[in-house]
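Side chains included, hydrogens not; waters and symmetry mates left out as well; all remaining heavy atoms used. Sequence lines set the chain letters: A, B, ... in the order given, protein chains first and strands last, and positions in each chain run from 1.
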Amino acid sequence: MKSHRKVLTFQTPNRIAFVNITPEVERALKESGVKEGLCLVNPMHITASVFINDDESGLHHDYERFLEELVPHEPTSAYRHNRTGEDNGDAHIKRQVMGREVVVAITEGKLDFGPWEQIFYGEWDGRRSKRVLIKIIGE
Amino acid sequence: MKSHRKVLTFQTPNRIAFVNITPEVERALKESGVKEGLCLVNPMHITASVFINDDESGLHHDYERFLEELVPHEPTSAYRHNRTGEDNGDAHIKRQVMGREVVVAITEGKLDFGPWEQIFYGEWDGRRSKRVLIKIIGE
Amino acid sequence: MKSHRKVLTFQTPNRIAFVNITPEVERALKESGVKEGLCLVNPMHITASVFINDDESGLHHDYERFLEELVPHEPTSAYRHNRTGEDNGDAHIKRQVMGREVVVAITEGKLDFGPWEQIFYGEWDGRRSKRVLIKIIGE
């Protein structure tokens, strides 16, 4: 069994952001030499998500509006977590709604995807440095 | 390490649908010959989910009502994604709430499940052909 | 390829509860002897979640309030699932919002975590015995 590990780093200019990381995951897969296996991609932080959906800016606008209506950032006093001095109580909830990680099948050396599947880093509390872990196992 | 890949195809008659795919996943596991490992099951589309819950029609009714109240299909003009000519902006959000994939442990050649766990394909934008990927790795 | 399986058992005194199970997962990993691989952790029940977030009691209060507002336990007659004689229709929906399982990378014999990642058992229908499965594969 082979394994390969890679870390990506992000600092998004806005609080909420969507970054297509499919090319970086494909690069890591190539480096790994794995032909058949599984690829895990997850943020190493708890106010961000990795998810698979469409690379369409209108959709990302809809996600942001949906999440902001469901779990508003303000008033920040609405979240007991923010009594710790943080202002990201909403971001910890948004992350649960959108999920933490994705696991992707690797077949014949490629991410085994349908036609529209793209991997996104979803940032819910940006403007500081964050990491994403890629872990690949297989043969 | 062994690996096995199988694709299922669905066309549901309604926009929203729940299909119990546990027997198909068990069949794929038997074909694989894997005794200890992991089994990934995911839709290859981005307006559907694979999830694990109870095979009870009242529950599926509750899921549909919950999702439709949270993310209504209409008015379709409420979703910026629909400016692309699609009418499934809601389905891309429903998919995130219900999740994309499941990873199931394989132990002694069987899906390592509690008494009520069943694998479902959840369709949020049906009435056309869709695929589900099963990827099994292990020994 | 090595594999290791372990089951944890819980009985929480309240309907909703959060239990940090990171030490138990670390213990299972040590027992496995796996240095590089993947670790799956999932409830064997369908009214509970395993998720990764912060070990902060204010945040857990926020999660409970968010889930209870989104999917109220009462009136129990609001859920068709409860016509089966159950009163946990809400818990099956809360589980989908918070997710079922986590998959964690194993690197150099450790859970490959960022600084704040902790694994939680989230109980949405407690006061009875429930199980969590840990499955580790790798080398």
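Here the CZ-CD1 distance, from C:Phe120 to C:Ile52, works out to 10.0 Å after rounding to the nearest 0.5 Å.
At a 4.5 Å heavy-atom cutoff, the contact between B:Phe66 and chain C is made by side-chain atoms alone. Residue C:Thr47 does not touch chain B at all, counting heavy-atom pairs closer than 4.5 Å. In this structure, no portion of C:Arg83 lies under 4.5 Å from any heavy atom of chain B. Proximity to chain B (any heavy atom under 4.5 Å) is shown, for C:Val97, by both the backbone and the side chain. Residue B:Glu56 touches chain C through its side chain alone, counting heavy-atom pairs closer than 4.5 Å. Only the side chain of C:Leu40 comes within contact range of chain B, with at least one heavy atom under 4.5 Å from a heavy atom of that chain. For B:Ile106, the part lying near chain C is the backbone, with the side chain staying farther off; criterion is any non-hydrogen pair under 4.5 Å. There is no contact between C:Ile136 and chain B, counting heavy-atom distances below 4.5 Å.
With C:Val132 as the fixed residue, the side chain to side chain contact (heavy atoms under 4.5 Å, CB included) test singles out one of C:Ile119, C:Thr9, C:Ile21: C:Ile21. Across B:Arg131, B:Lys135, B:Glu101, a single residue satisfies side chain to side chain contact (heavy atoms under 4.5 Å, CB included) together with B:Asn42, and that is B:Glu101. Among B:Val71, B:Asp87, B:Asn88, the one residue that satisfies the side chain to side chain contact (heavy atoms under 4.5 Å, CB included) test with B:Tyr79 is B:Val71.
A salt bridge between B:Glu69 and B:Arg65 is present, with a side-chain N of the basic residue lying under 4.0 Å from a carboxylate O of the acidic one. Residues C:Arg27 and C:Glu31 are not paired through a salt bridge, judged by the lack of any N-O separation under 4.0 Å between the basic side chain and the carboxylate. Using a cutoff of 4.0 Å between basic side-chain nitrogens and carboxylate oxygens, B:Lys94 and B:Glu68 are scored as salt-bridged.
Side chains of B:Lys130 and B:Thr12: a donor-acceptor N/O pair is absent below 3.5 angstrom, by distance only.
Counting heavy-atom pairs closer than 4.5 Å to chain C, the top-ranked of the candidates B:Ile137, B:Asn53, B:Asp54 is B:Asn53. Looking only at heavy-atom pairs under 4.5 Å with chain B, the residue among C:His45, C:Arg95, C:Glu86 that has the most is C:Arg95. Top candidate by heavy-atom pairs under 4.5 Å with chain C, chosen from B:Gly99, B:Ser49, B:Gly58, is B:Gly58.
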